[in-house]
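Some notes on the structure that comes next.
In what follows, chains carry the letters A, B, and so on, assigned in the order in which the sequence lines appear, proteins first and then strands, with residues in each chain numbered from 1.
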Amino acid sequence: MATKFIGTDMNLKTGLAEMLKGGVIMDVINREQAIIAEKSGAVAVMALERVPSDIRRDGGVARMSPPEIIEEIMAAVSIPVMAKARIGHFAEAMILEALGVDYIDESEVLTPADEQYHIDKMNFKTPFVCGAKDLGEALRRIGEGAAMIRSKGEAGSGNIVEAVRHLRTLRSQIRRLTTLGSEELMNEAKELGAPLSLVQWVAREGKLPVPNFAAGGIATPADAVLAMYLGAESVFVGSGIFKSQNPEKLAHAIVQATTNYQNPKIVAECSKGLGIPMAGLDIHKLKTEERFAERGW
Amino acid sequence: MKVGVLALQGAVQPHEEKLKKLGITPIQVRYPEQLIGLAGIILPGGESTTMVHLLKLNQLWFPLKEFVKTQPTWGVCAGAILLAETITSPSQDSLASMEITIERNSYGRQRESFIDTLVATEDWKDPSPLEGVFIRAPRIQSYSSKVKVLLKQGNDPVMVQQGRCLASTFHPELTSLTLVHQYFISQCR
C-alpha cells in the first residue's frame, strides 16, 4: 500500500477491505441465501432483514436488522458478514459491533437517524463502509473514519445509471486533483467540503486512501463489469441476485464476471441462460424523496 | 525476473507494489498460460472459499498444483490456506502442497484482528524487528517434520517453509517492510 495516512488501527480496517477486492458482496436475508452466496464465491455477505427493493416497496422507517437474523447468517457462513446501521445511529452501530459483524455499512438505504451528523467511526474497532456520490462526500466519510467507500448508486432500483454517475464523478474529480498545484489545494478543500490533509493525499496519490467499491443498482454480470472498468475494486449486489428468476446461477455469473471483467468471452459465456433479471426502475420517475442517494451529505 | 501474483481476488496490488520496489516485474495470474516463465508465485490474502471456487472455474486448479511442485510459492493468509494439506473450521478443498494443518479464522472475527511483533526462530537469519498484521487470520495448528518454522507470534508459528513453499498467516504486504518479500525473492533466484 501507498503511504499510510492514519495509524495502525486504520491499517487493520482497510486491510480487510483489501482482502475483499476483486470480489462480490451479496445482500442476503437468511441462512439459505447466505449459503448460496458463499457457495457461489461471494467474498462477503450483507445481512439484512429486507433487501433494498423491498424496503423501497414497503415504505415506513427502515432500521438495523434484528440481531437474530444477523447471528443466524454469521453462524451459517465462514466469509465476513456485514450489516447496516442508519446514518448517524451510533447505538445501532454499537449493537452491530457487539454482535461481531465484520464491517458496518452506515447506509442511506435505511432511514437516517440523524440529519446533521454521521457516526464518528474512529470510535469503533469494527471498520465502516459508507456511500458517496462524489469526492467531497467520500473524503468527509473517510475523515470520520470510514475504511471503505462505495458508490451510493440507487439501491433497490436494479438500474445502474446512478452508480455509473457516482463512479465517474469520483474518478474525474480525483484526476482533476492530481493536475492542481499545491497552492490550489486549500481552495479545493473548501470547494469540496473535505479535510485538506485528505485532499493533499489524493492529489499526490491519484486515488482514494481507502478501497473504493461499487454499489446501487447492479443487476447483471455486465453491470458488474462496467463498474469494475469505472474504477470500482469490488461490487456490492443487493436486490439484484435474490430478486432474479435464478439467484444461484446469477450469483455464480456475477462472481465469475467480476474476476474476469477484462475477458469479454468469459463474461459473454456466463451471461447466458440467466433468466429474467429483476425488473428495475426508471430513475427519472423516482421523486427526490424516494431517492436513497439523496440521504446523507 | 518475473514473479506471479494470483489475481483472481484479494490483496493483489499491495504485493505488486512490493515486488516493483524490489525490481521484480509482477505478473497477474488469472489463467493457466500466465504461469509460464514465472520464477515463483504469491498466493495473496483474500477469501479462500472464493479462491478455491475461482481456481476451479478458471481451469487453474491443476496447473497451479503442478507449478507449486517445482517453483517457489508463497501463500499469505488465504493463500496459506490454499497450500495447507488439512483445513479445519470448516474443512475445505486445497492444493495440499504443505504438510500443515491450518484453522480458518482461528483468532475470531474482524473485531479480533490485531497487530503484534513477531519473534524470529534460528532459521530466520535477519535480526530486524518485524510487525505482523493479522486479519481474520488462520492459525497453523500442526506441521510435519519436513516443515521448518521461521517466525512466531507468541507460541504460534506464523511463517513456515517446506522446501520451495512458504506460508504466512500475517500480511507483510500491508506494512512498510519489504523483508519478507525479499526472503521470498531470494528463494526464487
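Proximity to chain A (any heavy atom under 4.5 Å) is shown, for B/Ser113, by both the backbone and the side chain. Heavy-atom distances place both the backbone and the side chain of B/Leu8 under 4.5 Å from chain A. For a residue to count as touching a neighbouring chain, one of its non-hydrogen atoms must lie under 4.5 Å from one of that chain's; by this rule B/Phe134 touches chain A with the backbone only. For a residue to count as touching a neighbouring chain, one of its non-hydrogen atoms must lie under 4.5 Å from one of that chain's; by this rule A/Ala98 touches chain B with the backbone only. Of the two parts of A/Val24, neither the backbone nor the side chain holds a non-hydrogen atom closer than 4.5 Å to a non-hydrogen atom of chain B. Residue B/Gln92: no heavy atom, backbone or side chain, is found under 4.5 Å from chain A. Neither the backbone nor the side chain of A/Ala44 comes within less than 4.5 Å of any heavy atom in chain B.
Taking 4.5 Å as the heavy-atom cut-off, the residues of residues 97-105 of chain B that approach chain A are B/Arg104, B/Asn105, ordered by number.
Side chain of B/Gln9 to main chain of A/Met19: a donor-acceptor pair is present (N/O by atom type, distance under 3.5 Å, no hydrogens or angles). A donor-acceptor distance shorter than 3.5 angstrom exists from the side chain of B/His53 to the backbone of A/Ser40, with no hydrogens or angles considered. Between the side chain of A/Asn11 and the backbone N or O of B/Leu174 there is at least one donor-acceptor pair closer than 3.5 Å. In this structure, B/Arg136 contributes its side chain and A/Leu16 its backbone to no donor-acceptor pair below 3.5 Å.
Partner of A/Asp102 under the side-chain hydrogen bond (donor to acceptor under 3.5 Å, both in side chains) criterion, chosen from B/Arg109, B/Gln110, B/Arg111: B/Arg109.
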Legend entry - side-chain contact (heavy atoms from CB on, under 4.5 Å) evaluation trace for A/Glu18 with B/Glu173: CA-CA 10 Å; A/Glu18 289 287 336; B/Glu173 79 281 11; over 6 Å; no

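Chosen from B/Val133, B/Thr49, B/Asn58, the residue pairing most often with chain A at heavy-atom distances under 4.5 Å is B/Asn58. Heavy-atom pairs under 4.5 Å with chain B peak, among A/Glu233, A/Gln256, A/Glu38, at A/Gln256. For the set A/Pro127, A/Ser234, A/Gly23, the count of heavy-atom pairs under 4.5 angstrom toward chain B peaks at A/Pro127.
Residues meeting the side-chain hydrogen bond (donor to acceptor under 3.5 Å, both in side chains) test with B/His15, sequence neighbours left out: B/His181.
The distance from the CG atom of B/Leu57 to the CD1 atom of A/Ile266 is 9.0 Å, given to the nearest 0.5 Å.
More than 12 heavy atoms of other shown residues, nucleotides or ligands fall within 6.0 angstrom of atom NZ in B/Lys56. For A/Tyr229, the OH atom counts as densely surrounded, since its 6.0 Å shell holds more than 12 non-hydrogen atoms of other residues, nucleotides or ligands. Crowding of B/Lys146 atom NZ: a count of heavy atoms from other residues, nucleotides or ligands under 6.0 Å not exceeding 12. Around OH of B/Tyr183, the count of heavy atoms belonging to other residues, nucleotides or ligands within 6.0 Å exceeds 12. Under a cut-off of 6.0 angstrom, the local environment of NZ in B/Lys2 is sparse, with at most 12 non-hydrogen atoms contributed by other residues, nucleotides or ligands.
Side-chain atoms of B/Ser89 and A/Ser78, non-hydrogen and from C-beta on, never get closer than 4.5 Å to each other.
Counted by atom type alone, B/Gln13 and A/Lys21 present one or more donor-acceptor pairs between their side chains at under 3.5 Å.
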